[in-house]
Amino acid sequence: MIGNAMSEPTFATLVSRWYERNARDLPWREPGVGAWAILVSEVMLQQTPVVRVLPAWRAWLDRWPTPAALAEDTPAEAIRMWGRLGYPRRAVRLRDCAVAIVERHGGEVPDRLDQLLALPGVGTYTARAVAAFAFSQRHPVVDTNVRRVVCRAIAGEPDAGPATRPADLVATEKLLPAEPAAAALASAAFMELGAVICTARSPRCAMCPVESVCAWRASGQEAPSGPSRRPQRYAGTDRQVRGLLLAVLRETTGPVPHQRLDQVWPDDVQRTRALAGLVTDGLVEPVGEDSFRLLGDGPPMVPLS
DNA sequence: CATGCGTGGTG
DNA sequence: TCACCAAGCAT
């Protein structure tokens, strides 16, 4: 027991201490923030930087403080409120998620991992993040930041794999304190370390609380390997065309004649394909012969009899 | 398991 | 300038 008391601080302890002194004061981390607000923040933060999420998160919760409130509104309004956060399918899925929470869980965000995972738009990361941060449960929370931190500091490798793997969850779980609340704090701390110090491009090792125990540092800090995969260009892709189409639909209430949508992109084939994709994905619906609108942006179409 | 899916900031 | 992202998810 004396040996235990005198042992070196654990990895999680070092990072948690650093976090308690240096964490950014993000609003969804404040005490008393509910599970719904945390869930909304996690979905918005999927692939969108913190600085852009901040105002959108406040506006969203001001309008829809509960899952039930969002569930009663239209997908179209969800897409509009999403603004330019990107990947607007997340807005629709978040609304689907609110509907599911009302239908399956009486309007309360569930606290069980399997129930969270079953919600639309909630995957491995988000389910664990909500369980840990909203309900103080002891689950490894592994996002791209945590993968990078653990991969570098523990395994001594410069890069994490392309996607979260079961091995990442196991490796991270081993680092967590036994106490659930401490484990949740440690998970937030790992994420923060990866976001602020142990960044992908230029890690600030001089500021790092675990530099002295970092395996990557100890092994000479081998540079990240070359480009594993060539990222898709944005300019000229369907993705860009979808964004242009959606920008027009967002700023218009109700149906938009296709002639107006035609103006956003000259290539008929690509534009038509992009619009069809938006319909397939449940973001847009056709109205009448030649108009389109955001899903649910007006009264349902009544078939003529 | 590789892809597709938006957007705006930055070195 | 422009490649590279930034707390993933669904298929």
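Within every chain, numbering begins at 1; the chains are lettered A, B, ... in the order of the sequence lines, protein sequences first and strands thereafter. Bear in mind that the values here come from a model prediction, so they are computed numbers and not experimental data.
With B:dG8, C:dG8, B:dC1 as the choices, the nucleotide that has an atom nearest any side-chain atom of A:R52 turns out to be B:dG8.
Note on A:T144: only backbone sugar-phosphate atoms sit closer than 4.0 angstrom, heavy atoms only; bases stay farther off. Residue-level contact check: A:R250 touches the backbone only, with heavy atoms under 4.0 Å from sugar-phosphate atoms and none from bases. Using a 4.0 Å heavy-atom distance criterion, A:W28 is classed as a base contact. Contact annotation for A:R165: backbone-only contact, meaning every heavy-atom pair under 4.0 Å involves sugar-phosphate atoms and none involves a base. Note on A:L85: a base of the nucleic acid sits closer than 4.0 angstrom, heavy atoms only.
Under a 3.5 Å cut-off, the side chain of A:W82 and the backbone N or O of A:E77 do not form any donor-acceptor pair.
At least one side-chain heavy atom of A:P9 sits less than 4.5 Å from a side-chain heavy atom of A:R17.
Taking the six-membered ring where tryptophan is involved, the planes of A:W57 and A:W28 are perpendicular, since the angle between them exceeds 60° and thus also 30°.
Each of A:V122 and A:L26 lies near DNA chain C, and the nucleotide nearest A:L26 is the one positioned closer to the 5' end. Where A:E192 and A:R93 meet DNA chain C, the nucleotide closest to each residue was compared, and A:E192 sits on the side nearer the 5' end.
Applying the 4.0 Å criterion to OP1 and OP2 of C:dA6, one finds that A:Q47 has every side-chain N and O outside that range.
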